[in-house]
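Working notes, structure below.
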Amino acid sequence: MPPRPVDISLIISSRNRAYGLTNCLDAVSDAARQADYLRLELVFVDNGSTDETSEVVRQWASTAPIKTNLIYEAKPGLAVARNAGLNAARGRILAFTDDDCEIFPDYFSTLAALFSSDTEMVMRGGRIELGDTRDLPVTIKPEMEPAVLTSDLHAGGFVHGANMAFPYALVEKIGLFDTRFGAGSPFRSGEDTDYVHRAFNAGVRVEYLPDFAVKHFHGRRELADIKRLQTGYAFGNGALYAKYLFDRRSNMRGMLRWEIRQAIMEAMGRQKLNEELGLSYRSQLRDNLTGMLAYWRAPKARQPA
């Protein structure tokens, strides 16, 4: 593989969020200034927006301290957009965050230091803090203890797509994101879980490290929003269970058995998912099974294994 001309490519996908991009982009500027000794680029994918998203990015990029590659990808879907970003990125290290997140000022410098001493391929996920205390505590990962993914752990939530990074060599090893998964896709979520799972199955070390962090301003403040979100996550996980059900390398069958056990224990009064947020293991299992059926009924298409 020829040398990559950029140290770190940060990939952000967005759709119709022109009103809320300024803080996200300004945080990228702050982090780029602190790491001006690195060769950096922002790959921003406008995923079919009908608002002024692209224009907001163009105006910001005209004075930004980081080279920006703005891409318009008309086909909707988070995995589609992330693949467009992967195909355009020139970085040795590829990092991802979301358009409702703000990276910390030391983001790039910390990433560079973490990956600089690797002697093997490593995929890493970082800390995700709640950006606004008025939002409910979901879609975050504030743990301060490092962890390594093992076959006993579920890939879902171990690394979040809102803050993950890996060398470009991983794309060459396992391919692109499965476009059937993720927001805007038939299976609604799970494109990051699928990618983590494929990396792990390929023998790649997967780490969670709190060292590099983002703040997530997700804006969900009503329990109904959380229930819809959880339904989508469980539906996507169910589709993933179906995808890997007969793959002997995968531990997804074990994860499905865990879901069933938790639902049974809850029915017996021994376990609760999150009573405060109105979430239950039984409803989660129901959505898992719905997702599995949807996967089996969907038209078959060649996708990453």
Side-chain angles (χ1 to χ4, degrees), residues 11 13-16 45-50 71-89 94 96 98-99 123 139 154-162 164 166 170-202 204 227-260 263 282-305:
I11 301 171
S13 306
S14 187
R15 181 178 174 87
N16 289 334
V45 184
D46 182 341
N47 192 201
S49 297
T50 56
I71 299 168
Y72 189 87
E73 170 55 66
K75 184 177 179 181
L78 182 54
V80 173
R82 285 186 162 158
N83 286 344
L86 286 177
N87 286 328
L94 308 175
F96 292 82
D98 290 344
D99 61 358
M123 179 185 203
T139 61
H154 198 312
F158 187 83
V159 167
H160 289 228
M164 66 179 176
F166 46 80
L170 180 62
V171 182
E172 296 186 313
K173 187 177 183 70
I174 69 172
L176 300 173
F177 288 91
D178 188 334
T179 57
R180 297 172 296 178
F181 294 87
S185 74
F187 302 133
R188 306 184 196 174
S189 66
E191 88 296 337
D192 49 357
T193 299
D194 180 68
Y195 210 73
V196 171
H197 186 69
R198 284 160 52 201
F200 180 78
N201 277 358
V204 175
K227 289 181 179 179
R228 282 193 294 271
L229 181 71
Q230 186 65 22
T231 294
Y233 285 159
F235 184 90
N237 276 341
L240 285 174
Y241 295 151
K243 177 179 178 178
Y244 293 104
L245 193 61
F246 304 108
D247 184 348
R248 292 184 178 180
R249 302 171 301 167
S250 172
N251 69 338
M252 283 291 179
R253 281 178 293 184
M255 296 302 103
L256 177 59
R257 288 194 295 268
W258 183 88
E259 300 269 16
I260 293 170
R282 283 173 288 179
S283 62
Q284 183 168 279
L285 179 60
R286 178 199 64 213
D287 296 327
N288 289 156
L289 297 175
T290 303
M292 293 179 73
L293 288 173
Y295 182 90
W296 285 322
R297 290 172 176 171
K300 300 301 179 185
R302 291 191 66 184
Q303 293 287 347

Discussion item. Would Tyr195 and Arg82 count as a side-chain contact (heavy atoms from CB on, under 4.5 Å) here? Give the steps.
Written reply: CA-CA 12 Å; Tyr195 210 73; Arg82 285 186 162 158; over 6 Å; no

Worksheet item: When rounded to the nearest 0.5 angstrom, what is the spacing between CG in Asn237 and OG in Ser189?
Response: 6.0 Å

Fill in: Interatomic spacing from CZ in Phe181 to CG in Leu78 - rounded to 0.5 Å
13.5 Å

Discussion item. Tell me the closest heavy-atom pair linking Glu73 and Lys75, and the distance in Å.
Written reply: OE2-N, 3.0 Å

Worksheet item: Do Asp194 and Lys243 sit within salt-bridge range, that is, some charged N less than 4.0 Å from a carboxylate O?
Response: yes

Worksheet item: Which class fits the ring pair Phe96 and Phe177: parallel under 30°, tilted 30 to 60°, perpendicular over 60°?
Response: perpendicular

Fill in: Nearest-0.5 Å distance, CE of residue Met123 to CD1 of residue Ile174
6.5 Å

Worksheet item: So, Arg188 side chain and Gly236 main chain: donor-acceptor pair closer than 3.5 Å or not?
Response: no

Discussion item. Has Asp287 got a side-chain atom pairing as donor or acceptor with Gly232's backbone, closer than 3.5 angstrom?
Written reply: no

Discussion item. Working to the nearest 0.5 angstrom, can you tell me the gap between Asn288 CG and Leu240 CG?
Written reply: 10.0 Å

Worksheet, complete the sentence: Note: Tyr72 and Ser49 closest approach over all heavy atoms is OH-O, 3.4 Å

Fill in: Heavy-atom pair of closest approach, residues Asp98 and Gly161
OD1-O, 4.2 Å

Worksheet item: Judged by atom type as modelled, is there a donor-acceptor pair below 3.5 Å linking the side chain of Arg198 to the main-chain atoms of Leu176?
Response: yes

Discussion item. Within the structure provided, determine whether Thr139 and Tyr233 are in side-chain contact (heavy-atom separation under 4.5 Å).
Written reply: yes

Practice prompt. Would you name the heavy atoms of Phe235 and Ala294 that are closest together and state the gap between them?
Written response: CZ-CB, 3.4 Å

Discussion item. Minimum heavy-atom separation for Thr193 and Gly157, please, with both atom names.
Written reply: OG1-N, 4.4 Å

Discussion item. In terms of relative ring orientation, are His197 and Tyr244 parallel, tilted or perpendicular, with 30° and 60° separating the classes?
Written reply: perpendicular

Discussion item. Walk me through whether Asp192 and Val159 qualify under side-chain contact (heavy atoms from CB on, under 4.5 Å).
Written reply: CA-CA 8 Å; Asp192 49 357; Val159 167; over 6 Å; no

Worksheet item: Which distance, rounded to the nearest 0.5 Å, do you find between the CG of Leu86 and the CG of Leu170?
Response: 9.5 Å

Practice prompt. Locate the shortest heavy-atom distance separating Val45 from Ala81; write the atom from each residue and the value.
Written response: CG2-O, 3.6 Å

Worksheet item: Which distance, rounded to the nearest 0.5 Å, do you find between the CG of Asp247 and the CG of Asn201?
Response: 6.0 Å

Item to complete: Please lay out, stage by stage, how Glu191 and Asp178 fare under the test side-chain contact (heavy atoms from CB on, under 4.5 Å).
Response: CA-CA 6 Å; Glu191 88 296 337; Asp178 188 334; over 6 Å; no

Worksheet item: Do the non-hydrogen side-chain atoms of Met252 and Leu245 ever get within less than 4.5 Å of each other?
Response: no

Worksheet item: Donor-acceptor pair, His160 side chain versus Ala162 backbone, under 3.5 Å?
Response: no

Discussion item. Before you tell me yes or no, could you show the steps for Val171 and Phe166 under side-chain contact (heavy atoms from CB on, under 4.5 Å), namely the whole-Å CA-CA distance, both residues' side-chain angles and the distance that decides it to 0.1 Å?
Written reply: CA-CA 9 Å; Val171 182; Phe166 46 80; 3.8 Å; yes

